[in-house]
Amino acid sequence: MDLFENLNEQQQEAVRTVDGPLLIIAGAGSGKTRVLTNRTAYLIKEHGVAPWHILAVTFTNKAAGEMRERIDDLVGFGSDGIWVATFHSTCVRILRRFIDRLGYGTNFTIYDSDDQKTVVKDVCKRLSIDTKMLKERMFLSAISSAKDELIGPEEYEKRCGNDYKEQRIARVYREYQDTLKKSNALDFDDLIRLTVELFKLDKEVLDYYQEKFRYLMVDEYQDTNTAQFELIRLLASKYQNLCVVGDDDQSIYKFRGANIYNILNFEHHFPEAKVIKLEQNYRSTQCILDAANAVIAHNGSRKEKRLWTENPGGEKITFRQFDTAYEEAEYISHDIWQKKQQKGIPYCDSAILYRTNAQSRLFEERFINAGIPYKIIGGINFYSRREIKDILAYLKTVDNASDDLAVKRIINVPKRGIGATTIAKADTFAMERGITFFEALEQAEEIPGLSRAAAKLKGFVNFIYVLRSKAREMLISELIEEIFEETGYIRELEAESTEEAEARIENLDELISKAAAYEESFSDPEEDEEDLDDGDFTEDREERPTLSGFLEEVALVADIDELSADSDYVILMTLHSAKGLEFPNVYLAGMEDGLFPSYMSITSENPTSELEEERRLCYVGITRAMRYLTITAAKMRMIRGETQYNAVSRFVKEIPHGLLDGEVRSARTNERAEEAPSQSARAAYRQTPYYLTQNKPKSFSSGRTEKIVLDYGVGDRVSHVKFGSGTVTAILEGGRDYEVTVAFDGAGVKKMFAMFAKLKKLDEKG
DNA sequence: GGTTTGAAACTTTTT
DNA sequence: GTTTCAAACC
């Protein structure tokens, strides 16, 4: 395959430039992923670079997955030697191997933001800090920014001087970090920060990775923070083969510590750097592009560039302002329906983008009513749902009981009669002895002041022991089933028989599927092509599924974010999550001053820079659209139970009039007032619209697994991945699944659930 | 020790 | 409007 086919001059240049630092300024829709993947293939095929010398870093799992796929296609044999990963997973892999040099255990756990919050809350209580005055959130964000800037607790303490608040933060920071260390836990920021620390402290490790990653590529470079920059800088400092791709106009993560100067000053950091600009857009119509250019031109301090396209002019951008947010949702859902009917645009070609997650609600209700399939991306993370976290806490406890947080979470879930007082006593005991919470439980009889409670604690500890021994011979999916069974977790939910409980059960089913999928990903027998490495750089890729491995994967995945291509649904998400995606038909909803740009940014102490960030976000939104773009606003909407009246977003006014269909400031109000029904918009909204009478939704929930059909019965010979072959002795029908009892030839009698045991029927011989 | 109730906070964006 | 948290009650 010709790696230069269909590439324009600049793209070819970027692919061909393989040595030394390279900055690719890639405007929206300019084909940067293609450049990155082709460049990787070129490195290997034409330049003789070994795959294991290449590292490609992205921010999201989705981006990494996409790139992996395309690289695999291009490179073929040996491509799995290339590291294509997110910053976080790259660091985890490195730390899993070497973090013991920093005094942590290599089986560390990763705390998510919920866990962080719990720790900070705990710390505040311990230090008797009045959280009315100084909010936990404030501490968390201060700690996070400090870590992003590579400032450790000691350093922070030195810097804070006499400022009371700063001193408090320093104190909390130190305590927080100690707590994490004691639990052998790392938060997200630690993953990056400690990797940098490791590189700085241990020349040997740094050297190893510098040798390993001789060619580095970083995607979405404009969103890197100081720690990530340092990480990359250290890795690249030896061979200098660093290629970064980014677009300063799409930097939208300042709130998370992204340092836009990493890209603006790249040539300063790497004086040898070559700069290539990709300015031809292959995605959008001229009209959409003009609008995007006009908006972003209002920002100062940016690298000058002007996107152009050979695409046709296209239709004007539709703009509509409505009286209420309900009408807005109604209009958009109708428009999507109509475009499907009249132009044959499938639902999955349409996306609704908004500033805040809360806005998705109205659309969701509207779509359910109208029978239009939809999918909301983001919002509440799957893995931060209560029921999921509970079960994961069990798994963590089984896997690594030094995670105090996990143990405390489940010690009384389901109710075991272990209350706050008992937990507090055990906690104090653990603290005094400097042991973990779980270790304290193991010696419950030593804890002063416990009478009957000690026995209950013992019971819990034994339960964990039992699970541990079972875990050794069970698949993870089976272990989860076992936890359901032994704790009665599912039964309890079933007894509730509410819609909510039903949804939780579905989620738990989903979790088991996740575990099963994780396990299956190892059973692919494509192992036969034994790595033909040069000896030094094969390593650490786990060869079989482990509990730790599963927990880690889960910790680093933001959501079940597969946009499965086979189903046809409208996609709803925030502007932030839309970065990197494209859709033929895009709606930017809620374009109102106070919502977008947000009230926070307008009233902040530094409105100019905050507004510029919002404007970049707007730019990202506009440039997601390929053919059709619709911008909507509402005069009135409920936010937090309060009705707000908002003007049309200033960003809309920055789009030249000629590009818009629909008036921005005119007297449309009167027109509409006459049309609008006199009753409240809300009541009108409740009715099913005229355009949908049949076609009711079935279920849009992401998939409760259908009841399965068994191809074996009692007395049949079956085989199991782990236990080998055996004979089925009983099949019990349960609500969602069958419980199958099998007498295995080698492993004894086991009870298992058919859905996950994946038993295969054998011919009579066995 | 567990459950119920009412008030208060919450919302910008996420690996 | 929704969720979280603590106090009061059982």
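Residue numbering restarts at 1 for every chain, and letters A, B, ... go by the order of the sequence lines.
Under the 3.5 Å distance criterion, with hydrogens and angles disregarded, no donor-acceptor pair is assigned to the side chains of A:Tyr383 and A:Asp112.
At the phosphate of C:dT2, OP1 or OP2 sits under 4.0 Å from a side-chain N or O atom of A:Arg361. For the pair A:Arg137 and B:dT11, the criterion of a side-chain N or O lying under 4.0 Å from OP1 or OP2 is met. At B:dT14, one or more side-chain N or O atoms of A:Thr574 fall inside 4.0 Å of OP1 or OP2 (strictly under the cut-off). Applying the 4.0 Å criterion to OP1 and OP2 of B:dT14, one finds that A:Thr60 has every side-chain N and O outside that range. Here A:Lys121 reaches the OP1 or OP2 of C:dC5: one of its side-chain N or O atoms lies under 4.0 Å away.
If you take atom C1' in B:dT12 and the same atom in C:dC5, they sit 24 Å apart, rounded to whole Å. If you take atom P in B:dT13 and the same atom in C:dT4, they sit 15 Å apart, rounded to whole Å.
Panel note: side chain A:Arg624, backbone A:Leu581; a donor-acceptor pair is recorded below 3.5 Å. Counting only distance, with no hydrogens or angles, the side chain of A:Glu592 and the backbone of A:Ala634 share a donor-acceptor pair below 3.5 Å.
Taking 3.5 Å as the limit, the base of B:dT13 and the side chain of A:Arg355 contain a donor-acceptor pair of atoms between them.
Residues of residues 408-415 of chain A having a heavy atom closer than 4.0 Å to DNA chain B, listed by number: A:Asn412, A:Lys415.
If you check every strand for non-hydrogen atoms under 4.0 Å, A:Ser577 touches sugar and phosphate atoms only. Within 4.0 Å of A:Asn357, counting heavy atoms only, lie sugar-phosphate atoms of the nucleic acid but no base atom.
Nucleotide B:dT15 holds its P atom 13 Å from the OH atom of A:Tyr383, rounded to whole Å. The CE-P distance, from A:Met573 to B:dT14, rounds to 11 Å in whole Å. Taking atom NZ of residue A:Lys254 and atom P of nucleotide B:dT13, one finds them 17 Å apart after rounding to whole Å. The OH atom of A:Tyr253 sits 11 Å away from the P atom of B:dT13 (whole-angstrom rounding). A straight line from CD of A:Glu136 to C1' of B:dA9 spans 12 Å, rounded to a whole angstrom. B:dT12 atom P lies 20 Å from atom CZ of A:Arg615, rounded to whole Å. The OH atom of A:Tyr599 sits 16 Å away from the C1' atom of B:dC10 (whole-angstrom rounding). Between the CZ atom of A:Arg624 and the P atom of B:dT13 there is a distance of 19 Å, rounded to whole Å.
Among the nucleotides B:dT12, C:dC5, B:dT13, the one closest to the side chain of A:Met600 is B:dT12. The A:Met638 side chain lies nearest to C:dG1 when the options are B:dG1, C:dG1, B:dT12. Of the candidate nucleotides B:dT13, B:dG1, B:dT15, B:dG1 has the atom lying nearest to any side-chain atom of A:Thr422. Nearest nucleotide to the A:His88 side chain, out of B:dT15, C:dG1, B:dT14: B:dT15. For A:Thr421, whose side chain is taken as the heavy atoms from C-beta onward, the closest listed nucleotide among B:dG1, B:dT15, B:dT12 is B:dG1.
Where stacking is scored as ring centres under 5.5 Å apart with planes under 30°, A:Phe59 does not register as stacked on the base of B:dT15.
A distance of 6.0 Å or more separates the ring centres of A:Phe363 and A:Tyr374.
Electrostatic pairing of A:Lys117 and A:Glu136 does not count as a salt bridge here, judged by no charged N lying under 4.0 Å from a carboxylate O. Note on A:Asp115 versus A:Lys389: salt bridge recorded, some NZ/NE/NH1/NH2 to OD/OE distance being below 4.0 Å.
The side-chain contact (heavy atoms from CB on, under 4.5 Å) with A:Val218 is formed by just one residue from the set A:Asn262, A:Leu55, A:Val245, A:Leu242; it is A:Leu242. Between A:Asp249 and the choices A:Lys579, A:Arg615, A:Arg302, the salt bridge (Lys or Arg N to Asp or Glu O under 4.0 Å) rule is met once, by A:Arg302.
Comparing A:Thr86 and A:Glu614, the nucleotide of DNA chain B nearest to each residue sits closer to the 5' end for A:Glu614. Each of A:Ile252 and A:Lys135 was matched to the nucleotide of DNA chain B holding its nearest heavy atom; the match closer to the 5' end belongs to A:Lys135.
Between A:Tyr518 and A:Phe550, the ring planes are tilted. Angles from 30° to 60° get that label.
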